[in-house]
Amino acid sequence: QKRKKIRRQIRHHLKEHQRADRYDTRDEQRRKRSEQAIETLNKAHDKIDKFLKNTSPRMGNGKRRREVKSNITDNDSAKMTTSKGTIQGFNGLVAADKKNQIIVDAQVFGDGQEHHTLQPILESIGEKFSRLGISEDIYKEGSIVTADTGFANEDNMKYLQENDINAYIPDNQFRSRDPKFKDQKIKYGKRNQNNKNNNPKMFTPDDFNFDPENKTCICPAGNCMWIKNESEDNHGNDKIFFEGRLTDCRSCMLKNKCMKNPDSANTRKGHGRQVSFIIGNNTKSRTPHTDWMKKRIDSDYGKLIYSHRMSVVEPVFANIGTNKGLNRFSLRGKTKVQGQWQLYCLVHNIEKIQKYGDITV
C-alpha cells in the first residue's frame, strides 16, 4: 500500500514537471522543488520495493498464526501495548537466581506475545550451565522454575511436563480458584470501572429458563427463543446457542437490561439477544498439560513457591529500569538492542557481586 501511494505521488510530480516544460514557465524554484520531490520519492520507492522483494511476510506467534505488520526500519521489532500506549520496540526478559538475584539469562524478543519465549530461555540456561561446568542438567538437580501468567499456554506446559522441569506457572484464572481471593472484587472493586454505579445490571444466562431435555429457552420477558446452532467450544464442550426473535426483542420493554446494543433489534439485518449453554461436557480435556499445571499451582506448596516470584525477579527490573535508568531501548535492530540489554544486566550482576561479596549460583 505504501509503495502504491509513493508511485501515485511520483506520477503527480512528473505530470507537474511535464506541464511546466510544456508551458515554458520560468518558475525555477518550483521546478527544483518538483525535481527534489521526485528524487526523494524514487529513493523511498526503491527502498520499499527492495524490502518487499527480499523479505518474506512476518508471521505472529499467537494462538492463530497470521501475518503481522512489518517494519522497514527495524523489522525485528514489533508493536507492543504498554501502560504508555502502543509502541514499536522490543521486550526485554531475564531469568534470575532466587537467592542472590543474579541474572542467569537475558534476551530480547520483538514480539507482542511472550509465551513463545519460555522454551528458548530455558534451553539457553541449560546450555549455559552445562558449558560452564556448573551442572550437566540444571533442571534435574532440584531447580524450580517460576514465571508469570504471560507464559502460560498448552505448548509450554507440554514442554515442561515432557522434559520433567519442576515449574510453577499459573494461568490467568488461578486467583479466581483461590478461596483467599473470593472477596477481592467486593473489597477493592473491579479495575477501570469509575462509572459502575451508572450502568444497570444486565441479564445473565442464569436469568434465562433453559430446559436441556427439550432444548428450549425462555427469556426473562417470557418469550421463546429459537435455536441458532449447536457446536463444540474450544474446551470440547457441546454448547447450544439461542437467539431471541427480532419481533420480540424489538418491542420488548426489558431490552435495555438484556442487550448491550438494543438498537440492533431495530433493523432487519440485526440480531436479538443471544445466549448459550453447555449441554454436554467432554470427558477428555483438550488441554491436559494445562490441567496438570493447574493442579500444581493450586496446591498449597505451589502457592508458596509462586508467592516468591514477585520478590525474585521484579526487584531486578526495578533496579535496571529505575535505578539504572533504562526505561526504553535507544538502539535499533535486535543485535544492538540485545547488546544494550545484556550490558545493563551485566552491570546489575557486577553491582550484586561488589556489594555482597563472593556469590555462587
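- In this structure the side chain of Thr322 never reaches within 4.5 angstrom of the side chain of Phe317, judged on heavy atoms.
- Through direct or relayed side-chain contacts under 4.5 Å between Ile, Leu, Val, Met, Phe, Trp and Tyr, Leu304 connects to no other residue.
- Residues Asp49 and Lys2 are not paired through a salt bridge, judged by the lack of any N-O separation under 4.0 Å between the basic side chain and the carboxylate.
- Ring geometry, Trp341 versus Phe329: the interplanar angle exceeds 60°, so the pair is classed perpendicular (tilted spans 30 to 60°).
- Within the structure, every pair that satisfies the side chain to side chain donor-acceptor pair (under 3.5 Å) test and touches residues 147-158, not counting sequence neighbours, is listed here: His115-Asn153, Asn153-Asn156, Glu154-Thr290.
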- Message: If you apply the rule side-chain hydrogen bond (donor to acceptor under 3.5 Å, both in side chains), what do you find for Glu16 with Ser34, and how did you get there?
- Response: CA-CA 8 Å; Glu16 288 292 317; Ser34 181; over 6 Å; no
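- Heavy-atom neighbours of Asp211 CG from other residues, nucleotides or ligands within 6.0 Å: above the threshold of 12.
- In this structure, Ile121 and Phe109 have side chains that are in contact, with non-hydrogen atoms separated by less than 4.5 Å.
- Residues passing the ring-ring contact (aromatic ring centres under 6.0 Å, His included) test with Phe203: none are found, sequence neighbours excluded.
- No side-chain donor from either of Asn349 and Glu351 sits under 3.5 Å from a side-chain acceptor of the other.
- Residues Pro220 and Phe208 approach most closely at CD-CE2, 3.5 Å, considering heavy atoms.
- Ring geometry for Phe277 against Phe210 counts as parallel: the plane angle stays under 30°, on a 0 to 90° scale with 60° as the upper cut.
- A 4.5 Å side-chain heavy-atom check between Phe242 and Ile227 finds at least one atom pair inside the cut-off.
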Kindly list each side-chain donor-acceptor pair under 3.5 angstrom involving residues 244-253, sequence neighbours excluded, with atom names and distances?
unit_1, atom_1, unit_2, atom_2, d
Arg245, NH1, Cys224, O, 2.9
Arg250, NE, Ala265, O, 2.8
Arg250, NH2, Ala265, O, 3.3
Ser251, OG, Thr247, O, 3.2

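- The environment of Lys239 atom NZ is dense: over 12 non-hydrogen atoms of other residues, nucleotides or ligands sit within 6.0 angstrom.
- Remark: Glu243 pairs with Trp226, Lys228, His271, Gln274 by the side chain to side chain contact (heavy atoms under 4.5 Å, CB included) rule, at least two apart or across chains.
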Name each donor-acceptor pair under 3.5 Å that joins a side chain in residues 38-46 to protein atoms two or more places apart or in another chain, with its distance.
unit_1, atom_1, unit_2, atom_2, d
Thr40, OG1, Gln36, O, 2.9
Asn42, ND2, Ile38, O, 3.1
His45, NE2, Arg7, NE, 3.0

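- The side-chain hydrogen bond (donor to acceptor under 3.5 Å, both in side chains) check on His308 picks up nothing, with sequence neighbours excluded.
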- Message: Would Ser124 and Asp105 count as a side-chain hydrogen bond (donor to acceptor under 3.5 Å, both in side chains) here? Give the steps.
- Response: CA-CA 7 Å; Ser124 176; Asp105 191 78; 2.7 Å; yes
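- Using a cutoff of 4.0 Å between basic side-chain nitrogens and carboxylate oxygens, Asp298 and Lys303 are not scored as salt-bridged.
- A side-chain donor from one of Asn319 and Lys324 sits under 3.5 Å from a side-chain acceptor of the other.
- Judged as a side chain to side chain contact (heavy atoms under 4.5 Å, CB included), and not counting sequence neighbours, the contacts of Lys140 are Asp137, Asp164.
- Proximity of Asn166 to Arg296: side-chain heavy atoms (C-beta onward) are separated by under 4.5 Å at one or more points.
- When the side chain to side chain contact (heavy atoms under 4.5 Å, CB included) test is applied to Ser70, the partners found at least two apart in sequence or on another chain are Phe51, Arg58, Asn75.
- Side-chain contact check for Gln340 and Ser330: at least one donor-acceptor pair (N or O, by modelled atom type) lies under 3.5 Å.
- Between Ala152 and Pro170, the shortest heavy-atom contact is CB-O, 3.4 Å.
- With sequence neighbours left out, the side chain to side chain contact (heavy atoms under 4.5 Å, CB included) criterion links Arg332 to Thr73, Asp74.
- By the criterion of side-chain heavy atoms lying less than 4.5 angstrom apart, applied directly or through intervening Ile, Leu, Val, Met, Phe, Trp or Tyr residues, Ile138 is grouped together with Val145 in one hydrophobic cluster.
- When each of Asp178, Asp171, Asn172 is checked for a side-chain contact (heavy atoms from CB on, under 4.5 Å) with Phe174, only Asp171 meets the rule.
- Not a single ring-ring contact (aromatic ring centres under 6.0 Å, His included) links Phe151 to another residue, sequence neighbours left out.
- Lys50 pairs by the side-chain hydrogen bond (donor to acceptor under 3.5 Å, both in side chains) definition with nothing, not counting sequence neighbours.
- Contact of the Val108 side chain with the Asn91 side chain is not registered, since no non-hydrogen atoms from C-beta on lie closer than 4.5 Å.
- By the 4.5 Å heavy-atom criterion applied to side chains, Asp238 and Glu230 are not counted as neighbours.
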